[in-house]
Amino acid sequence: MDGTFVRAAGDIAREAGQFLKHFSDHHKLNVEHKGSNYDFVTNADRESQRLVAERLKASFPDHGFVGEEDNLSDAQVGEILKRDAYCWVCDPLDGTVNYIHHLGLYAVSVGLVRAGKAVAGAIYLPEWDELYTAEQGGGAFCNGKPIHPSDCNDLRYAFLTADISASNPQLKQANLERILRVAMASGGLRIEGSACVCIAQTACGRQDAYWNRGLHAWDVAAGVVLLEEAGCAVSTVYSEPFDFGMKGGFLCAAPGLKGAFREVIGDQ
Ligand code: 2AM
Ligand code: CA
C-alpha cells in the first residue's frame, strides 16, 4: 500500500469531524428515535455521512461504500464485505448520544475493508483534534506520531472501558452482568459511550482494553486496522477470532491481556 487510502481516510474523517463540531455549535440538532428506546439519529449524522460518501465516491468510484445510516443488517454488511474487493465502511458520528448531550466523546470513523479484512482507516476525535490513522503493514499513528498499546498484563490492574449499548432489555441486563463481573476482576472501569474513542485510546495505551457485545461493522472497521497495526489483541468478547459478521461482539486489549477476559466474560 502506498498511503493513498489512509491519507484519504484521514482527510475525509477530519473534514467530517470538523463539520460535526461546527454543526453542534451553530445549528439546531433534529433528534429522531431509530426504532428502539435509546437509539438515535440526528441531522448531523446524516449530513456527515453524505459528506463522507460524496468524498469517497469522488476519489474511489470503483469502491463499495457502507455507512451506518444506510440501515443495513449485520448479516447484509458481512456479505458485502466478504464479496467486495474494496469497500469503505463508515460511522459518520460514533457516540451520537454523547454528541446530543454536548459531551466531547464522539468521533468519525472511515475504514477500508478488502475481501473481509480491514486494510486502512482513520478515526478523528473533533473535540481533541486527534487523528488516528493506520494501514496494513505501515504502523499506527496519532497526529502523525507512532502509537503503541500499554504494557499491562494483569487484569487486576487493568484500566478498561465498556459499553452497555443494547436496545433490548434482556441484552442490556446481560451486558450489565458482564460489566459487573469484569469490574470486580479488574482495576478501573469506565463507560464512555463511543466505541471509536475507546478503541483509539486502547491503541495508544491510555487505557488497557475495551469491549462491547453489541457493535456493528461501521463502529470498528477503521478501529480494527488501527489496533492491529498498534499491536493490540482484537477478538470477539469471548476471545474468539474477530470477523465482520459481528456475532460475538468486539474486544480489544493490550497484547499482555490477550485471553485474560475468557474466564470472566465466558457466558455465551
Ligand atoms: P453510535 O453512537 O454510532 O450509535 C455506545 O453506545 C457505543 O456503542 C457507541 O459507539 C455506539 O455507536 C455503539 N452502538 C452500536 N449500536 C448501538 C445501539 N444499538 N445502541 C446504542 N449504541 C450503539
Ligand atoms: Ca453512528
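Whatever order the structure lists them in is the order used to number ligands and atoms, beginning at 1.
Among Arg206, Lys145, Arg14, the one residue that satisfies the salt bridge (Lys or Arg N to Asp or Glu O under 4.0 Å) test with Glu130 is Arg206.
Phe65 places none of its side-chain heavy atoms less than 4.5 Å from the side chain of Cys87. Within the 4.5 Å cutoff, the side chain of Thr202 has no heavy atoms near those of the Asp208 side chain.
The Ca ion (ligand 2) does not have Val41 among its coordinating residues (no N/O/S atom, backbone or side chain, under 3.0 Å). Residue contacts to the Ca ion (ligand 2): Glu68 brings an N, O or S atom closer than 3.0 Å. At a cut-off of 3.0 Å, Asp91 coordinates the Ca ion (ligand 2) through an N, O or S atom.
With a 4.0 Å heavy-atom cut-off, ligand 1 is reached by the backbone of Ala195 and by its side chain too. Proximity of Asp94 to ligand 1, defined as any heavy-atom pair under 4.0 Å, is shared by backbone and side chain alike. Contacts with ligand 1 closer than 4.0 Å are made by side-chain heavy atoms of Asp163 only, the backbone lying farther away. Contacts of Val97 with ligand 1, taken as heavy-atom pairs under 4.0 Å, are absent altogether.
Near Gly95, meaning under 4.0 Å from any of its heavy atoms, are these atoms of ligand 1: 1 (P), 2 (O), 3 (O). Of all atoms in ligand 1, numbered sequentially from 1 with element shown, those under 4.0 Å from a heavy atom of Asp91 are 3 (O). Atoms of ligand 1 found under 4.0 Å from any heavy atom of Asp219 (numbered from 1 in listed order, with element): 3 (O), 12 (O), 15 (C). Atoms of ligand 1 found under 4.0 Å from any heavy atom of Leu93 (numbered from 1 in listed order, with element): 3 (O). Proximity to Asn212 (heavy-atom distance under 4.0 Å) selects the following atoms of ligand 1: 7 (C), 8 (O). Heavy-atom proximity to His216, at under 4.0 Å, picks out these atoms of ligand 1: 15 (C), 16 (N). Close approach to Gly214 involves these atoms of ligand 1, each under 4.0 Å from a residue heavy atom: 15 (C), 16 (N).
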Ile179 vs Trp211, test: side chain to side chain contact (heavy atoms under 4.5 Å, CB included). Steps then yes/no. CA-CA 10 Å; Ile179 285 171; Trp211 87 97; 3.7 Å; yes
Under the ring pair (Phe, Tyr, Trp, His ring centres under 6.0 Å) rule, what do Phe159 and Tyr157 come out as? Steps first, then yes or no, please. CA-CA 7 Å; Phe159 178 63; Tyr157 303 109; over 10 Å; no
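A salt bridge does not link Arg181 to Glu263: none of the charged nitrogens lies less than 4.0 Å from a carboxylate oxygen. Contact check on Glu32 versus Arg46 returns a salt bridge, with a Lys/Arg side-chain nitrogen under 4.0 Å from an Asp/Glu carboxylate oxygen.
Aromatic ring centroids of Phe261 and Tyr238 lie 6.0 Å or more apart.
Between the side chains of Tyr210 and Arg190, not a single donor N or O lies within less than 3.5 Å of an accepting N or O.
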